[in-house]
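Atoms within a ligand are numbered from 1 in the order they appear, just like the ligands themselves. Note: hydrogens, waters and symmetry copies are ignored here, and every other heavy atom, side chains too, is used. What you are looking at is a predicted structure, and each value in this text was computed from that prediction instead of being measured.
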Amino acid sequence: MQIKRKQIDPPPNARFAYNDIYADWWRSRTTDRAHGRAYRNIAGFIRASLPREPRLIVDYACGAGQLLARLAPLFPHTRLVGLDGSEALLDLAATRLARLPKSRTAEITLACTLLPMGRPFGEKAELVVYTFPNMMPLEEEAPGADLDREEHETARRLIGDPGEEADPALLEYGRSISRDLRRLLRRGGLCVRAEYADSRREEWEELILRQVEFEEGSLDLPEEGIRPWFRVLASAFFRSRVMEDVYEQTGEDRDRSGGYLITVLRAV
Ligand SMILES: C[S@@+](CC[C@H](N)C(=O)[O-])C[C@H]1O[C@@H](n2cnc3c(N)ncnc32)[C@H](O)[C@@H]1O
């Protein structure tokens, strides 16, 4: 099995925190049993969601490759691509993947790039995975700059009154990333997201649900110029201590307990 390394549009080392302190933080977080169980569960969930092995799976912001290493034995004939901005985490991914059994033949590519890429990239995948995101724009970037006027207006409307805790720019950044996820997929392909959460999707208030739908690209508001790129097929909530990743970042008590939500979306 070959592991290829590629440079697409790497962020400058000095200005990307996941190349130093955050790389160490993330590595120390993900070595516990809660993360091991979560990656195994997500990989099994993905395998069960697909009737056959696809040709290409992309792991968007793959980090140190824990999920790729779980997917590789379940999809021995599928080409895997991991995209991430952190050369340090991609080095760890390469070391981890090099330990996989030699019987695996399909190629694995690890590509260093700033995300979102904002443009299509190579062959379209049947499946894109996006797990435990903690995306960071470069300081000089204007997140959501690729959205059109209607999308900016909808983001502001979904936030409600100024002074609310949420920020339309964050919704816009999330939406730009979802657009990138859609660009990587062929029509009918699947996007599997695993995100920190404290409750099931069915329990969310209407406004929160609309905000998430806007970000993930499943909101359908044709009269406001918002078309869906994805349809939600399924979602499942798992209680897990991985939520402490969020608590370590925010220090907020409400982020102490919860777990993660797996959402399966179909590209339309
Ligand atoms: C919390 S880690 C999750 C990694 C992986 N998906 C997982 O589940 O283990 C977030 C990852 O996103 C990457 N990342 C954050 N912002 C990025 C950006 N703007 N461009 C590229 N990669 C980014 C980091 O380098 C890091 O690997």
Novice: Compute both the distance and the angle, then confirm whether Arg175 meets the cation-pi test with Trp229: under 6.0 Å from the six-membered ring centre, within 45 degrees of the axis.
Specialist: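 Yes, cation above the ring, under 6.0 Å and within 45°.
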Novice: Heavy-atom distances under 4.0 Å are what count here, so tell me which part of Trp26 touches ligand 1: side chain, backbone, both or neither.
Specialist: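 Within the 4.0 Å criterion, Trp26 contacts ligand 1 through side-chain atoms alone.
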Novice: How are the rings of His35 and Trp26 set relative to one another: parallel (under 30°), tilted (30 to 60°) or perpendicular (over 60°)?
Specialist: perpendicular
Novice: Which one of Arg149, Arg156, Arg157 satisfies the side chain to side chain donor-acceptor pair (under 3.5 Å) criterion with Glu153?
Specialist: Arg149
Novice: For ligand 1, note which part of Tyr39 has a heavy atom under 4.0 Å away: side chain, backbone, both or neither.
Specialist: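 The answer is the side chain of Tyr39.
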Novice: Determine the interplanar angle of the Phe238 and Tyr260 rings, folded into 0 to 90°, and report it as parallel if under 30°, tilted if 30 to 60°, perpendicular if over 60°.
Specialist: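 Phe238 vs Tyr260 ring planes: parallel.
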Novice: Note the single closest protein heavy atom to atom 23 (C) of ligand 1, along with its residue, its atom name and the distance in Å.
Specialist: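 Result: Phe16 CZ, 3.5 Å.
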Novice: Is the closest heavy atom of Thr113 to ligand 1 under 4.0 Å?
Specialist: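 Within the 4.0 Å threshold, so yes.
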Novice: More than 12 non-hydrogen atoms from neighbouring residues, nucleotides or ligands closer than 6.0 Å to CZ on Arg55, yes or no?
Specialist: no
Novice: Parallel, tilted or perpendicular for Tyr22 and Tyr18, by the 30°/60° rule?
Specialist: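 Rings of Tyr22 and Tyr18: tilted, 30 to 60°.
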Novice: Taking the non-hydrogen atoms of Thr30, is any one of them nearer than 4.0 angstrom to ligand 1?
Specialist: no
Novice: At what distance, to the nearest 0.5 angstrom, does CG of Leu80 lie from CD1 of Ile108?
Specialist: 5.0 Å
Novice: What is the closest protein heavy atom to atom 19 (N) of ligand 1, and at what distance does it sit?
Specialist: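 Ranking protein heavy atoms by distance from atom 19 (N) of ligand 1, first comes Met136 O, 2.7 Å.
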Novice: Name the closest protein heavy atom to atom 13 (C) of ligand 1, giving the residue it belongs to and the distance to 0.1 Å.
Specialist: Asp84 OD2, 3.4 Å
Novice: Distance-only, no hydrogens or angles: does the Glu53 side chain make a donor-acceptor pair with backbone N or O of His77 under 3.5 Å?
Specialist: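 Between the backbone of His77 and the side chain of Glu53 there is a qualifying donor-acceptor contact (under 3.5 Å).
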Novice: What protein heavy atom sits nearest atom 8 (O) of ligand 1, and how far away is it?
Specialist: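 Of the protein heavy atoms, Thr131 OG1, 2.6 Å lies nearest.
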Novice: Tell me: protein heavy atom nearest atom 12 (O) of ligand 1, and distance?
Specialist: Ala61 CB, 3.5 Å
Novice: Distance to 0.1 Å, residue and atom name: give those for the protein heavy atom nearest to atom 20 (N) of ligand 1.
Specialist: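 Minimum-distance protein heavy atom for atom 20 (N) of ligand 1 reads Leu115 N, 2.8 Å.
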Novice: Any idea which part of Leu67 is under 4.0 Å from ligand 1, heavy-atom wise: side chain, backbone, both or neither?
Specialist: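 It is neither part, as no heavy atom is under 4.0 Å.
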Novice: Which of the numbered atoms in ligand 1 are below 4.0 angstrom from a heavy atom of Asn134?
Specialist: 1 (C), 15 (C)
Novice: Does Arg179, at its CZ atom, have more than 12 non-hydrogen atoms belonging to other residues, nucleotides or ligands within less than 6.0 Å?
Specialist: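 Yes, CZ of Arg179 has more than 12 neighbouring heavy atoms, counting only those of other groups under 6.0 Å.
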Novice: Where on Tyr260 is there a heavy atom closer than 4.0 Å to ligand 1, on the side chain, on the backbone, on both, or on neither?
Specialist: neither
Novice: Suppose we measure from atom 1 (C) of ligand 1 to each protein heavy atom; which comes out shortest, and what is that distance?
Specialist: Phe132 O, 3.1 Å
Novice: Indicate, as side chain, backbone, both or neither, the part of Tyr18 found under 4.0 angstrom from ligand 1 when only non-hydrogen atoms are considered.
Specialist: side chain
Novice: For atom CD of Glu205, decide whether the heavy atoms of other residues, nucleotides or ligands shown that lie under 6.0 angstrom number more than 12.
Specialist: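 No.
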Novice: For atom 21 (C) of ligand 1, find the nearest protein heavy atom and state the residue, atom name and distance (0.1 Å precision).
Specialist: Gly85 N, 3.2 Å
Novice: Which atoms of ligand 1 sit under 4.0 Å from any heavy atom of Cys62?
Specialist: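 With Cys62 as reference, the close atoms of ligand 1 come out as 5 (C).
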Novice: First locate atom CZ of Arg47, then atom CG of Leu50, and finally report the distance between them rounded to the nearest 0.5 Å.
Specialist: 6.5 Å
Novice: Just to be sure I read this right, does ligand 1 sit under 4.0 Å from the backbone of Pro133, its side chain, both, or neither, counting only heavy atoms?
Specialist: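 None of Pro133 does.
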Novice: Would you mind running through ligand 1 and noting each atom that sits below 4.0 Å from a heavy atom of Tyr173?
Specialist: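 Ligand 1 atoms under the 4.0 Å threshold to Tyr173: 19 (N).
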Novice: Please step through side chain to side chain donor-acceptor pair (under 3.5 Å) for the pair Ser178 and Arg193, ending with a clear verdict.
Specialist: CA-CA 10 Å; Ser178 300; Arg193 308 175 64 122; 3.0 Å; yes
Novice: At a 4.0 Å threshold, what atoms of ligand 1 neighbour a non-hydrogen atom of Leu114?
Specialist: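 Those atoms are 19 (N), 20 (N).
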